[in-house]
Amino acid sequence: MRANRPDTTLKPDQTPTVIGLREWIALPDLGVVGLRAKIDTGASTSALHATDISEFERDGQRWVRFTAHLGTLVQRRHRCEAPLLTRKTIKSSNGHAQTRYVIRTLLAMGDCAWPVEFTLTCRKTMRYRLLLGSKALVDGRCLVDPARTYIQDKPQILTVPGAQ
């Protein structure tokens, strides 16, 4: 186990949270609620649909400002800011490599919440604006039932002013 990763081994009295292939999530630190996520155990990293990404400095730390796109049928946008964790080169399933900004923010699903690393990328041609990869599933102690969808209730997070 890597030293910088939390111990995610389940204890005998802990059971994993069962989730479906699609779930409702919220990103409360970004003010994002009511976002459908696709669960992708084949992807290691998680991805959030973002455009207008710009890097800036705040109190000596690198941050990113971006527009998160939240809907597919009804387009909703929300302007977000988050500390920049790093930049990472991601190789897509079609072999195309892309350097992306990486942030870490709190993810809420059902009655659980935990920090997740997201790469920021354009997913406008994808049906789901958020992809939840295997690293996030391990950290959140999730077990995927591929025959089900939307098992968890929508997270009970209050809407933050400024969402469009």
Side-chain angles (χ1 to χ4, degrees), residues 5-6 8-10 14-53 64 66-82 85 88-98 100-164:
R5 303 243 335 154
T8 56
T9 306
L10 288 174
Q14 292 178 305
T15 57
T17 300
V18 178
I19 63 173
L21 279 180
R22 292 165 194 84
E23 291 291 347
W24 289 103
I25 63 99
L27 304 173
D29 292 345
L30 299 178
V32 173
V33 296
L35 183 57
R36 293 184 311 154
K38 180 177 182 193
I39 312 307
D40 187 349
T41 60
S44 131
T45 57
S46 299
L48 175 64
H49 180 33
T51 60
D52 306 319
I53 305 167
V64 287
F66 58 94
T67 301
H69 296 262
L70 310 176
T72 49
L73 298 175
V74 176
Q75 294 294 314
R76 294 183 305 149
R77 293 178 301 233
H78 183 68
R79 200 69 177 145
C80 303
E81 293 181 352
L85 190 61
K88 183 184 285 188
T89 300
I90 303 292
K91 191 172 181 181
S92 68
S93 58
N94 66 10
H96 180 261
Q98 178 186 51
R100 299 180 187 173
Y101 291 101
V102 180
I103 63 167
R104 179 181 291 126
T105 191
L106 193 66
L107 176 132
M109 181 187 322
D111 60 358
C112 300
W114 67 98
V116 173
E117 289 183 12
F118 289 96
T119 63
L120 303 178
T121 187
C122 180
R123 293 183 53 82
K124 70 180 176 184
T125 61
M126 308 296 178
R127 185 171 183 184
Y128 294 91
R129 303 306 189 198
L130 186 137
L131 183 80
L132 203 57
S134 61
K135 287 180 185 174
L137 301 175
V138 169
D139 291 347
R141 296 184 171 113
C142 298
L143 180 66
V144 181
D145 181 344
R148 299 173 68 192
T149 58
Y150 304 109
I151 297 170
Q152 299 296 314
D153 292 331
K154 284 186 181 181
Q156 298 300 311
I157 304 294
L158 296 177
T159 303
V160 175
Q164 295 180 10

Which pair of heavy atoms, one from A50 and one from L120, lies closest together, and at what distance?
-> CB-CB, 4.0 Å
Ring pair (Phe, Tyr, Trp, His ring centres under 6.0 Å) pairs touching residues 17-41, sequence neighbours excluded, are W24-Y150
If only atom types and distance count, is the side chain of R129 paired as donor or acceptor with the main-chain N or O of M126 below 3.5 Å?
-> yes
To the nearest 0.5 Å, how far apart are CG in L137 and CG in L143?
-> 9.5 Å
Distance-minimising heavy-atom pair for F66 and A82 = CE2-CB, 4.5 Å
Could you tell me the separation between the CG atom of D29 and the CD atom of E81, rounded to the nearest 0.5 Å?
-> 13.0 Å
Around K88, counting heavy atoms of other residues, nucleotides and ligands shown, do more than 12 lie under 6.0 Å from its NZ?
-> yes
Of all heavy-atom pairs between C80 and A68, which one has the smallest distance, and what is that distance?
-> SG-CB, 4.0 Å
Heavy-atom pair of closest approach, residues S46 and G133 | OG-N, 3.0 Å
Got a donor-acceptor contact below 3.5 angstrom from the T17 side chain to the C142 backbone?
-> no
Looking at CD1 of I25 and NZ of K38, how far apart are the two atoms once the value is rounded to the nearest 0.5 Å?
-> 15.5 Å
Go through the steps for L27 and L130 under the test side chain to side chain contact (heavy atoms under 4.5 Å, CB included), then give the verdict.
-> CA-CA 11 Å; L27 304 173; L130 186 137; 4.1 Å; yes
Could you state the interatomic distance from CZ (R141) to SG (C112), rounded to the nearest 0.5 Å?
-> 10.5 Å
Rounded to the nearest 0.5 angstrom, the CD1-CG distance for I39 and L132 is 4.5 Å
Is it true that the side chains of T121 and H49 contain a donor and an acceptor less than 3.5 Å apart?
-> no
Criterion side chain to side chain contact (heavy atoms under 4.5 Å, CB included) on V33 and K154, from CA distance to verdict = CA-CA 9 Å; V33 296; K154 284 186 181 181; over 6 Å; no
Closest heavy-atom pair and its distance - P155, A108 = CG-O, 3.2 Å
Side chain to side chain, F118 and L131, heavy atoms closer than 4.5 Å | no
Heavy-atom donor-acceptor pair, T149 side chain to L21 backbone, under 3.5 Å = no
With sequence neighbours excluded, what pairs up with D145 under the side chain to side chain contact (heavy atoms under 4.5 Å, CB included) test?
-> V18, A147, R148, I151
Interatomic spacing from CZ in R36 to CG in L70 - rounded to 0.5 Å = 12.0 Å
Check whether the side chains of R22 and Y128 place a donor and an acceptor atom closer than 3.5 Å, and report yes or no.
-> yes
Does H78 use its side chain to pair, donor to acceptor, with the backbone of L30 at less than 3.5 Å?
-> yes
Sort and list the pairs that fulfil side chain to side chain donor-acceptor pair (under 3.5 Å) and have at least one residue in residues 103-115, not counting sequence neighbours.
-> R104-E117
Stepwise, does the side chain to side chain donor-acceptor pair (under 3.5 Å) test hold for R77 with T67?
-> CA-CA 6 Å; R77 293 178 301 233; T67 301; over 6 Å; no
R123 and L48 have their tightest heavy-atom pair at CD-C, 4.4 Å
Can you find a heavy atom in the side chain of R79 that is under 4.5 Å from one in the side chain of D52?
-> yes
